[in-house]
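Computed from a prediction, not measured in an experiment: that's the story for all the values here. Just so you know, these numbers use all the heavy atoms, side chains as well, and skip hydrogens, waters and symmetry mates.
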Amino acid sequence: MNTRVQPAWLPFPLPSLGALGAPVLIVILLAMLVLPLPTFMLDVFFSFNIAVALIVLLVSAYTVKPLEFAAFPTVLLITTMLRLGLNVASTRAVLMYGHTGPDAAGKVIEAFAHFLIGGNFAVGLIVFMILTVINFVVVTKGAGRIAEVSARFALDAMPGKQMAIDADLNAGLIDEKEARKRRKEVGQEADFFGSMDGASKFVRGDAVAAILILVVNIIGGLAIGLLQHNLPIEKALSNYVLLAVGDALVAQIPSLIISLAAGLIVSRVGDEDDIGDQVGKQLFSTPLALGLTSGVLALLGVIPGMPHLAFLLLAGACGWAAHWMSKRNAAQAALAAKPEEAPVQPNTGEASWEDVTPVDVLGLEVGYRLIPMIERSEASDLLTRIKGVRKKFATEIGFLPPAVHIKDNLELRPNAYRVTIKGAIVGEGESFPDRCLAINPGHAMLQLAGTVTQDPAFGLPAIWIDEARRDEAQMAGYTVVDAATVIATHLNHLMGVHASKLLGRVEAQQLLDHLGKYAGKLAEELVPKQLPLAVLQKVLQNLLDDSIHIRDLRTIVESMTEQAPRSQDASELTREVRVALAPAIIDQIYGPARELEVIAFDPNLENLLAQALAPGAPGALEPGVADLVVKAAADAAGRQEDAGMPACLLVPDRIRVPVARLLKKAAPRLRVLAHAEIPDTHSIRIGRIIGDAT
């Protein structure tokens, strides 16, 4: 392993060779603008310029995503300055020593002047102008336009892409690390195309500068040769014009290569293959196209006067390729269509326990048009997303839910699906595999063409649109998700709402077994020594019904172990566990805030509720009063959420459970807390009072 040794006499850290490369190159470029260079150094730098251009072109060709070559705008600037610096250095050499012969500016320029254009400066001028037009008008202008449009679209689509990332994160398809990575890529993509839009101007300016430098070299060289060195007009033309054209060609060819590399980078579509693989797969993957091409080439080859050999050879090659590809595609199709042989089970006609099918704890039924989404194929990722939903649920709620049993149901509508828990339907919806769901988060004003509906998970207004309109919807502010994400998000929401129903004895025992891996004595002390497993399960279900996660199982078990000698009632144990979990509950609702804005009952109403709802109270709550309380609480919760604050109702300890049960259906998002559940580290501020109008 190579390490750099820091000399003791240096007052600053020694930079790496990579860190020195760019500053040293920039200093050399500036030096070429002001210092004369010997012809040998000119040859070295011209060769280096061509090599760098070829390296950039090949790296661009093998780049899969534009961001893999994010340094390209900077490379474009440096290579442009390198060519201009060489132009200045070679111009100085041509004007100072051009009278001595065609090798005055080095062997590279001389070789270009004689080999490429045969020593004819008129041909050189024409070739140079053609290369300049190709570079300036065709390649550079096209690449610049693509970069400009890509930058505009990338900036316009950024909010929609960010919301799509948030939707995937909320659905459990990605974790926070992957979400940060994708957000960073979205920002880098916009920065890259914006930089490319500006960097394309470098090449355009380079083309203009090349023309001006050529004119200056010709006029200045002829003037110096005729007036200062008294050369004949033929000699002056032969020396200076030939050198000027050779110099222009030496600079223009690398410029054209760099422009082509820029075009390859900004015109990339897709992020799975490099350019060679992508073109090969898409251009030469249709046997019919190759077969028709072979026929046309064969017809051209038999026309009198045509180069028969060339056309017929190409026709034969295309025909052979079409035949080979047809056989390969047919073999792949036959292999894919071959059914798997299933073992034959003997049918005795007698009933058996195999005929008794247990009810699925968690099921997903789909219509026949959604069946391809649950097949194990590369075209569908619903199964992968459902795995992500279960993982997200386990991470956030605190236990591993049962596996989702997916099956088709021909009684459903073709695009319908249904979520069941223990055989009971808990949610239904529709999903269209060939469309996307554009969800309006509240600020999108543009009306899209499609089927108006609602987001099945949260009830937000939404529209089913064609896949081709995805970018338009994202730029309009919609959150656009595919059909698999719609189902996975709905499933994730329903699993969270009905988490307590998913926690059975099996899951409770698995939780204890998991706790035993890092706190074995604690788990054994509670179950079965002090409490049966059923009580632990009931306490955990009570917490889940109150939207409290059970990730901190150690604290839950410790609290129950402490309270078990005094009571084995699940409700009493739940109350004590909630007090033990108070900091986590407050953090789950309010985050890092230390002042908690809550909703409270009017003291008179609170006393009335205590007399009617407290355990052992002699009275009962009148139906009319109950309706007024429920409506007022739902209204206060809605106002609190509209103000951007958590909807949380603070009540005395003894009536928390009956009040929460009373308000659960009308205000499911309203959290009911007891006074004992407020940590000493937090303060209370009453924002709204229920009961003034009651």
What one should report as the nearest heavy-atom pair of P433 and A483 is CA-CB, 3.7 Å
Looking at residues at least two apart in the chain, or sitting in another chain, which of them share a salt bridge (Lys or Arg N to Asp or Glu O under 4.0 Å) with R182? D168, E178
CE of M41 to CZ of F46: how many Å apart, nearest 0.5 Å? 12.0 Å
Applying side chain to side chain contact (heavy atoms under 4.5 Å, CB included) to D482 and R385, what does each step give before you reach the verdict? CA-CA 12 Å; D482 57 23; R385 292 173 184 267; 3.2 Å; yes
Look up atom CD1 in I224 and atom CD1 in I219, then write down how far apart they are to the nearest 0.5 Å. 12.0 Å
CG/L313 to SG/C318 distance, rounded to the nearest 0.5 angstrom? 11.0 Å
How about T489 and V481: do any of their side-chain heavy atoms sit closer than 4.5 Å? no
Does S259 use its side chain to pair, donor to acceptor, with the backbone of S255 at less than 3.5 Å? yes
Note, L54 side chain near I257 side chain (heavy atom, < 4.5 Å): yes
What distance do L437 atom CG and T479 atom OG1 have between them, rounded to the nearest 0.5 Å? 10.0 Å
Residues forming a salt bridge (Lys or Arg N to Asp or Glu O under 4.0 Å) with R183, sequence neighbours excluded: D166, E176
Provide the closest heavy-atom pair for G301 versus L312 in the form atom of the first, atom of the second, distance. CA-CD2, 4.3 Å
Which heavy atom of I463 sits nearest a heavy atom of L448, and at what distance? CD1-O, 3.9 Å
Between F48 and L82, is any pair of side-chain heavy atoms under 4.5 Å apart? yes
